[in-house]
Undergrad: 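The following block contains the structure, expressed as structure tokens.
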Amino acid sequence: MGHLSIKVHLFRVLGLLALSPLLAAPAPAAPHSRHYIDQRTGVDAWRWSGEGISLQLIQRLPDQTRAFFLARGFPRPAVERLASHCVFQTIFHNTAGSGGGVVHLNLANWRIDHGQSLILKKQWQQQWRRMGVPRPARIAFRWSLFPTVQKFAPGDWNMGMTTYPVAPGTTVDVHFSWRRHGKLQHGVIQGARCAPDVDMEDKTQ
Amino acid sequence: MRRLWLALLVSLVLVPMAGYGAGQSLTAMHPRPRAPGFALKDMNGKVHHLSDYRGQVVLVNFWATWCPPCRREMPSMERAWKKLKKQDVTILAVNVGEDVDTIFPFTGDYPVTFPILLDQSSKVIKRWPVLGLPTTFVVDPKGRIAYRAVGGRKWDGPALLKTIRSLIPPDKKPAAPATSGAGRQGTSAQADQVDDRKAQRGEEAQFARRK
């Protein structure tokens, strides 16, 4: 009898142990946005997560933009045109499980303060053609920018630059949206600060 | 009662673990579209036609040296290649928009032994359903796109290897060892989990240093 009660007790303990991860596990997280410093580079970054997606905006320094595109054959005037705008390295991830459904993203629907749209790939490419940017450089540009329209199956993610019609150093609220199961959903990252440019004094040194 | 508790215990331990592999999946294509053909030169000037690989499983990976997730997944792709090449699986890494002079130094930092093909004019990638880099397609032995992965993956993970191996025609799969009931898949999976842990840790540390 005593042996039996020990067994029963043992199974109760095991049962509680088994349940503990569930008891300790957080409830499905409500959407939230947070600011952090990228440990590797020291730049500011923002992450919004919830509703089975995550979006990260990571500051991209104008000098990074200059170096990257000059190395890919962009002429200086075109590079300066780009570097005079706010650029974020952008990472979007469909974090939903296998039944979560495909996410449809269209950057044309995203807005910053005062309803301004992002500057999209097509608009830049028109400028580059007018400015005579060589084709290999335009190819590099095409794949460096975040696609305007993209579908993300569960587990899919992508990384690319998004560009905004404001100067480096500006702080913006980014209102973004996505569609899943036909339903349009929204989120906002508030107070994202575009990386400032170095001042001219620093540049001439 | 005892069985009930045991089942509860096992399920409760395993359920949270099921989410561990999230993000390491491939999207199955239904129906499977025909993979657009191509003829591209590799780093040594040899021309590879996709049609040359009919009858094999082919991973077609679109990438560029400047793309961080592309760089990050390369070591795992090389490890996957080492496990899969004897099973008639091919990896073709199609570089987009860059020349040999740009790619060559990259291969010093990220040594890979599968062919790197050059799509310098981006004519090929335009014919494939690619919007961002990296994107990888798994082409079945009939030349159809069976799976797609947008964004980087850890290609030598057991789940992805199992999915890729599932496309290998039965006559090309290695026979199960005669003395074991586990079968080749089981043997491969066990070996996959064990043999490259040290290499993986080393390569990931190497990647972190290079970033």
Side-chain angles (χ1 to χ4, degrees), chain A residues 7-8 10-25 38 40-41 52 54 58 68-69 71-73 89-98 100 102-103 105 121 135-160, chain B residues 1-19 21-29 62-70 72 95-99 102 119-123 125-126 129-135 147-153 159-160 208-209 211:
Chain A
K7 275 187 177 175
V8 168
L10 180 66
F11 281 118
R12 278 183 185 154
V13 171
L14 283 173
L16 282 173
L17 279 173
L19 282 170
S20 60
L22 287 190
L23 297 174
D38 186 297
R40 191 168 43 83
T41 59
S54 79
I58 301 159
F68 182 85
F69 287 107
R72 277 152 191 87
Q89 186 66 276
T90 304
I91 304 172
F92 185 89
H93 198 157
N94 181 354
T95 55
S98 56
V102 174
V103 169
L105 211 60
K121 197 178 284 192
R135 192 157 176 264
R138 282 188 276 127
I139 291 172
F141 183 84
R142 177 187 171 184
W143 294 107
S144 313
L145 243 65
F146 203 95
T148 301
V149 177
Q150 193 168 10
K151 285 193 289 188
F152 294 83
D156 283 351
W157 63 288
N158 195 10
M159 178 186 224
Chain B
M1 186 64 185
R2 180 195 235 167
R3 282 182 187 165
L4 182 69
W5 273 111
L6 196 60
L8 181 66
L9 177 67
V10 169
S11 64
L12 289 178
V13 170
L14 290 181
V15 164
M17 287 170 67
Q24 291 301 326
S25 58
L26 301 175
T27 302
M29 309 293 282
F62 290 95
W63 70 287
T65 61
W66 47 262
C67 153
C70 304
R72 178 153 210 160
N95 177 279
V96 182
E98 298 178 293
D99 57 19
T102 307
D119 183 23
Q120 214 173 331
S121 64
S122 78
K123 273 182 187 162
I125 195 173
K126 280 182 187 166
V130 181
L131 287 169
L133 300 179
T135 296
Y147 294 98
R148 183 192 66 206
V150 175
R153 296 289 192 276
L160 294 198
R209 283 198 298 275
K211 278 201 301 182

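Residue numbers start from 1 in every chain, and the chains themselves are labelled A, B, ... in the order their sequence lines are given, proteins ahead of strands. These figures come from a predicted structure and were not determined experimentally.
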Undergrad: With a 3.5 Å distance limit and no angle check, can you tell me whether B:Arg153 reaches the backbone of B:Ser25 through a side-chain donor-acceptor pair?
TA: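 Side chain of B:Arg153 to backbone of B:Ser25: a pair is present.
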Undergrad: Given a strict heavy-atom distance threshold of 4.5 Å, which part of A:Phe68 is in contact with chain B: side chain, backbone, both, or neither?
TA: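 The answer is the side chain of A:Phe68.
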Undergrad: Are the side chain of B:Asp119 and the backbone N or O of B:Lys123 linked by a donor-acceptor pair below 3.5 Å?
TA: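 Confirmed, B:Asp119 side chain pairs with B:Lys123 backbone.
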Undergrad: Side chain, backbone, both or neither: which part of B:Ser121 has an atom under 4.5 Å from a heavy atom of chain A?
TA: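 For B:Ser121, backbone and side chain are both near chain A.
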Undergrad: Is it true that a side-chain atom of A:Trp157 and a backbone atom of B:Gly152 form a donor plus acceptor pair closer than 3.5 Å?
TA: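 Between the backbone of B:Gly152 and the side chain of A:Trp157 there is a qualifying donor-acceptor contact (under 3.5 Å).
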Undergrad: Indicate yes or no for a side-chain donor-acceptor contact from A:Thr95 to the backbone of A:Gly52 under 3.5 Å, with no hydrogens or angles considered.
TA: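 Looks like yes, one N/O pair under 3.5 Å.
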Undergrad: For B:Leu131, does its backbone N or O pair with a side-chain atom of A:Gln150 as donor and acceptor, under 3.5 Å?
TA: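 No, the answer is negative, given that no donor and acceptor are paired below the 3.5 Å cut-off.
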Undergrad: If we define contacts as heavy-atom pairs under 4.5 Å, which of B:Ala64, B:Cys67, B:Gly132 has the most with chain A?
TA: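 With the most close heavy-atom pairs to chain A, the winner is B:Gly132.
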Undergrad: Is there a side chain to side chain contact (heavy atoms under 4.5 Å, CB included) between B:Leu133 and B:Trp66 once you walk through the steps?
TA: CA-CA 10 Å; B:Leu133 300 179; B:Trp66 47 262; 4.2 Å; yes
Undergrad: Chain B heavy atoms under 4.5 Å from A:Val102: which part of the residue, side chain, backbone, both or neither?
TA: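 Neither part.
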Undergrad: Using a cut-off of under 4.5 Å for heavy-atom pairs, which of A:Ser144, A:Pro136, A:Ala153 has the most such pairs with chain B?
TA: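 Ranked by heavy-atom pairs under 4.5 Å with chain B, first place is A:Ser144.
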Undergrad: Answer with side chain, backbone, both or neither: which region of B:Ala149 has an atom nearer than 4.5 Å to a non-hydrogen atom of chain A?
TA: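 For B:Ala149, the contact with chain A is made by the backbone alone.
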Undergrad: At a 4.5 Å cut-off on heavy atoms, which part of B:Ile125 comes close to chain A: side chain, backbone, both, or neither?
TA: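 For B:Ile125, the side chain is the part near chain A, not the backbone.
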Undergrad: Which bit of A:Thr148 comes within less than 4.5 Å of chain B, counting heavy atoms only: side chain, backbone, both or neither?
TA: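 Neither; nothing under 4.5 Å.
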